[in-house]
Amino acid sequence: MDAVIYVNDTLKELLYEDQSLKQLVNAASLPGVVEPVIGMPDIHEGFGLPIGGVMAIEEKGVISAGAVGYDINCGVRLLRTSLEAAYFNKELLYKLIERIEYYVPTGIGKKGKHKGITRVIFDDVVHRGVEAVIKAGFGKKSDLEYIEENGGLSGADLSAVSKEAQERGEEQLGTLGGGNHFIEIQRVDSILDEKLARQFGLFKGQIVVMIHTGSRGFGHQIATDYTKILWEAAKKYGIEVPEKGLAAAPIDSKEGKAYYKAMAAAVNFAFSNRQIIMFDVMKAFEDILKKSSESMGFQLVYDVAHNIAKWEIHGGRRLLVHRKGATRALPAGHPQNPSFYKESGHPALIPGSMGTGSYVVVGTEKAAETFYSVNHGAGRRLSRNKAKKISKEEFEKAMGDVIYNVRSYKDIADESPLAYKDVEEVVSVLEKREITIPVARFVPLAVVKGAD
DNA sequence: ATGTAC
C-alpha cells in the first residue's frame with residue numbers, strides 16, 4: 001500500500017527528525033486501507049498514526065483509536081463580529097481576556113462552571129451533540145448549520161463508554177484544557193479571495209475569535225480504554241498491528257463497533273464543549289463592551305473537527321476516514337456542504353501557533369486525492385521537551401505584540417511559535433498543489449491559554 | 001492531548 005506526503009523542500013527536511021514517516025508506512029499496512037495513506041504538510045510524530053495523517057478504510061477493514069488520537073474531536077471554531085480591530089487597544093484586550101478567563105475554566109483538570117446544568121443534560125449531549133446544549137440555552141438553533149456534521153455524529157452510545165470516562169466528562173463540559181488549546185481574539189490581516197471572504201462574512205480589519213479545544217478528559221479516557229481493548233481484539237482476530245498506537249479491530253466486530261459508539265460520544269461532547277465556550281466568550285464581550293452579542297455582529301462562521309473517524313463517500317465507495325490532525329475540506333458544490341456554504345465550499349480552519357497567523361481556506365475538486373482533507377495547523381517542529389528549553393528572550397521576541405494571559409512564559413514555552421513549523425510554508429504546499437484556496441489570514445491580538 | 005506513569 002502507498003503513502004503520499006505533501007511537503008516542499010524545507011518541510012521535507014523535518015520529516016527525518018522524527019518517526020512520522022515510519023508511522024505513516026506502518027498505518028498503510030492495516031487491513032482494508034484504501035491507498036494512499038496521506039501525510040499532510042504539517043505532519044509530525046504521534047501515537048500510532050502521525051499527527052497530520054489521513055487513513056481511509058473500506059467497509060471490511062479496521063477501525064483504530066490511535067488513528068483518531070487521544071483528543072477525540074479536537075477542533076476549531078471561528079466566530080466573526082462586525083467589530084473593527086482599530087478600536088481594540090491593549091487595555092481593552094487585557095480586560096477581554098481576563099473576562100473570558102472568568103467564564104471559561106482553563107488548564108488541565110479544571111471543572112466546568114456550568115456543571116450544575118451539564119451534569120443534567122450530559123446524556124442528551126453525548127447522544128445528540130450541540131442540539132442538546134442549544135436546547136439548554138447555549139446559543140441559537142441556526143448555529144447547528146455552521147458545525148461539521150451539524151454538531152452531532154450519529155451512532156453515539158454512552159453504554160460503550162466506561163464509568164470513569166463518564167465521570168470525567170460530566171464535570172468538564174465547558175472547559176478549555178491545556179497544551180495547544182486556546183481562545184484567541186484575532187484581526188483579519190488580509191483577504192486572499194474576495195468572493196469567498198464575502199461569502200464567509202469576513203473583511204479586512206475585522207475582529208474574529210478562534211476557539212481551539214476538544215473532548216478533554218472524556219475523550220482522553222475513551223482513547224485510553226479502547227487502545228487497550230482494540231489491542232487485545234487485534235490479537236483475538238489475528239490482525240497484525242505494527243505498534244500499540246495503531247491497535248485496531250474489524251469495523252464490524254463487537255470491539256470495533258463499541259469504539260465507534262464511544263468515539264461518536266466524544267465527538268459530540270467536543271462540539272458541545274466549543275458551543276458552550278462560544279457562549280461564554282460572547283458573554284465576556286457583552287460584559288466588557290456593554291453591548292449585546294447581536295449588536296456586535298457575533299456569528300459562528302464554522303466549526304471543524306481535526307481528530308475524528310467518520311463514514312464518507314469517496315469515489316462512489318463508503319469509507320471510514322480517519323483524520324488525525326487533518327481537516328475535512330469539501331469543495332464548492334459538494335452535496336455534503338451545509339446549505340449556507342453549498343456554492344463556496346465550507347470554510348476549513350487552520351490555526352497557526354500563538355503569535356503567528358491563522359488561515360481559513362476551502363478545498364477544491366482536486367482535494368479528492370486527499371479524501372477532501374487539508375492540513376490542520378502549523379504542525380509541531382520541536383518536541384515539548386526540547387521546546388521547554390526556549391529562553392525567555394527568544395519566547396518574548398517570537399510573541400511580538402501579542403497579549404497573553406499566562407503569567408510565566410515557562411508554562412507555555414512549549415507552545416511558542418518557535419516550537420512550530422512556519423504556517424505560511426505549510427499552507428502554501430496545498431495551495432500550490434491546487435488542493436486549497438486560501439481565503440483569509442488572521443493575526444492574533446490576544447491569546448487565552450490553559451496553564452496555571 | 002491528559003486528574004501529565006504500570
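Throughout, protein chains are lettered first and strands after them, A, B, ... in sequence-line order, and every chain is numbered starting at 1.
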Within the structure shown, what part of the strands sits under 4.0 Å from A:Glu415 by heavy-atom distance: base, sugar-phosphate, or nothing?
-> sugar-phosphate

Stepwise side chain to side chain contact (heavy atoms under 4.5 Å, CB included) test for A:Thr370 and A:Met40 | CA-CA 9 Å; A:Thr370 60; A:Met40 288 292 160; 4.1 Å; yes

At under 4.0 Å between heavy atoms, what does A:Glu171 touch on the DNA or RNA strands: base, sugar-phosphate, or nothing?
-> nothing

Side chains of A:Leu49 and A:Gln23: does their closest heavy-atom pair fall under 4.5 Å?
-> no

When we call it a touch if two heavy atoms are under 4.0 Å apart, what does A:Gly214 touch: a base, just sugar-phosphate, or nothing?
-> nothing

Expressed in angstrom and rounded to an integer, what is the separation of A:Asp411 atom CG from B:dT2 atom P?
-> 15 Å

Heavy atoms from other residues, nucleotides or ligands near CD of A:Glu232 exceed 12 (cutoff 6.0 Å) = yes

Between P of B:dT2 and NZ of A:Lys111, the distance in whole Å = 16 Å

Contact class for A:Gly178 (heavy atom, under 4.0 Å): base, sugar-phosphate, or nothing?
-> sugar-phosphate

Atom NE2 of A:His181 and atom C1' of B:dT4 are separated, to the nearest Å, by 14 Å

So among A:Gln336, A:Arg318, A:Arg323, which one has a side-chain hydrogen bond (donor to acceptor under 3.5 Å, both in side chains) with A:Glu312?
-> A:Arg323

Under 4.0 Å between any heavy atoms, over every strand shown, what does A:Arg380 touch: base, sugar-phosphate, or nothing? Just pick one.
-> nothing

Please state how far atom NZ in A:Lys110 lies from atom C1' in B:dT4, giving the value in whole angstrom units.
-> 14 Å

